[in-house]
Structures are given as C-alpha cells and as structure tokens.
Amino acid sequence: QSALTQPRSVSGSPGQSVTISCTGTSSDVGVYNYVSWYQQHPGKAPKYMIYDVNKRPSGVPDRFSGSKSGNTASLTISGLQAEDEADYYCCSYAGSLYVFGTGTKVTVL
Amino acid sequence: QVQLVESGGGLVKPGGSLRLSCAASGFTFSDYYMSWIRQAPGKGLEWVSYISGSSITVKYADSVKGRFTISRDNAKNSLYLQINSLRAEDTAVYYCARVRFCCDFDIWGQGTMVTVSS
C-alpha cells in the first residue's frame, strides 16, 4: 500500500486560509469515509485533528475543517494563526490496514 | 486523564532485538484496539501494527511482517511490540496509539526512540 500523496509544503499569512490535499486511491480514500488528520509540532507526538473526513474531536478549533471528493481528501485551516505552523498528516483506513500521507509542512508567513 | 506512555527504546546493533512497552491509563484498556506507528528521523508516519482488545485479531504492515510481534496484557493495561532482526531502516520513534472505532488514532503516546546502528 503506497503512502497517500500530500504537497510537501503550503504557506499563508495570519488570517488567511490554506488547504492541504491528500490523494489516495479507490482502495483507501475513495472507498472509505475514514480519513483522519494529525498535526505534529517539532519533537512532539501527533495530535488528532479531524476524523471521519470532516468531524472535529472536542477541543479542536472550528478553524480546522475536512472534506473529501473522490480519491482526494482535504484539510482547510481558516483564519491561520502562528500556532498552526506544523506538519500535517492525513490517514485513511484501507480495510484492515492504515495508510498515512507523506506529510505537509504549513508555514505561517 | 487518558494517557499512553511508551518505554523500551534504545540503541541496538543490526540483527538485534528489542521489546517496546506502552502503559495505558485513564480508560478501559481492554475495550480498545491498539496500534504501533513509527516515524523515521525527518520522515513521515508509518502504521506498523494493530491488535484487538481480546488479542484475537492482529495485523502488520508488510515492511515488518515476520519480524515484529504485537501483544498486550489487559490485566496490566499494557501494550508491547517485540522487534527482532532489526535493520537500519527500523530506526525511528515508535508511538503507541489508541484506535478509535476501527479507523483512526485518537490518543498517542510521546514515543520511544529506537536506533539501529553498529
């Protein structure tokens, strides 16, 4: 199972919106509505940000939203803040196994 | 509070073995599937293995099949990963994570570093 494809980096100014894509196949993203997203600051463990494509766990700001179309899922960060600068990883359930994305570095300019 | 704490990492020679542990607290451990996920230095996340609450179901990534063994002791609220025949490419931070429902990882430990080098 190959890793899901994410852009290496995206950037935006404070207050702007950025969107990170996550492209898989008809064996993972395309067939299961079990896409999740994780935020990782340097030297820290990943943090659970989005599950089931577009649901937010308790405590995650509503600036973070998820969506999916076909084989591509997306994470949008609205009203970008300095503390959003981090690496972001998508993950898809693929029927008894899991596939992570290649990761995207978000830079706040 | 809900917490996972890994231990057991270290420096090991190629071909060696190591047993990682993950202590869980703050939730009913036996109710949940648990998983190991690793991250090589400067690289992305890679799912390694999972185990059901009853230990009946286990699954491994192809990259570790036959060399890694996941297990758990529900009486001790602990998850384990036995890693054998270690290779340089196994060098990574190993995270334990709680599996939510089927399908994602809602609680993560802080990770334990495994370095394979002669």
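Below, chain A is the first sequence line, B the second, and so on; all start at residue 1. What you are looking at is a predicted structure, and each value in this text was computed from that prediction instead of being measured. Side-chain atoms are counted along with the backbone in the values below, which use heavy atoms only and exclude waters and symmetry mates.
Between the Tyr50(B) side chain and the Leu97(A) main chain, no donor and acceptor come within less than 3.5 Å of each other.
Interface remark: Asp87(A) contributes no atoms to any contact with chain B (heavy atom separation under 4.5 Å). Interface remark: Tyr38(A) contributes side-chain atoms only to the contact with chain B (heavy atom separation under 4.5 Å). At a 4.5 Å heavy-atom cutoff, the contact between Gln40(A) and chain B is made by side-chain atoms alone. Proximity to chain A (any heavy atom under 4.5 Å) is shown, for Phe105(B), by both the backbone and the side chain. For Pro57(A), no part lies under 4.5 angstrom from a heavy atom of chain B. At a 4.5 Å heavy-atom cutoff, Ile107(B) makes no contact with chain A through either its backbone or its side chain. In this structure, chain B has a heavy atom under 4.5 Å from the backbone of Lys44(A), while its side chain stays farther away. Only the side chain of Gln39(B) comes within contact range of chain A, judged by heavy atoms closer than 4.5 Å. With a threshold of 4.5 angstrom between heavy atoms, Val58(B) does not approach chain A through any atom at all. Both the backbone and the side chain of Tyr98(A) come within contact range of chain B, with heavy atoms under 4.5 Å apart.
Listed here is the closest heavy atom pair of Leu45(B) and Phe100(A): O-CB, 3.4 Å. The two residues Gly109(B) and Ala45(A) come nearest to each other via the heavy atoms O-CB, 3.1 Å.
Within the 4.5 Å cutoff, no side-chain heavy atoms of Cys103(B) are placed close to those of Tyr32(A).
Ring centroids of Tyr51(A) and Phe101(B) are separated by 6.0 Å or more, keeping the two rings apart. For Trp108(B) and Tyr48(A), the ring centers sit 6.0 Å or farther from each other.
Using a 4.0 Å cut-off between charged side-chain N and carboxylate O, Arg100(B) and Asp52(A) make a salt bridge.
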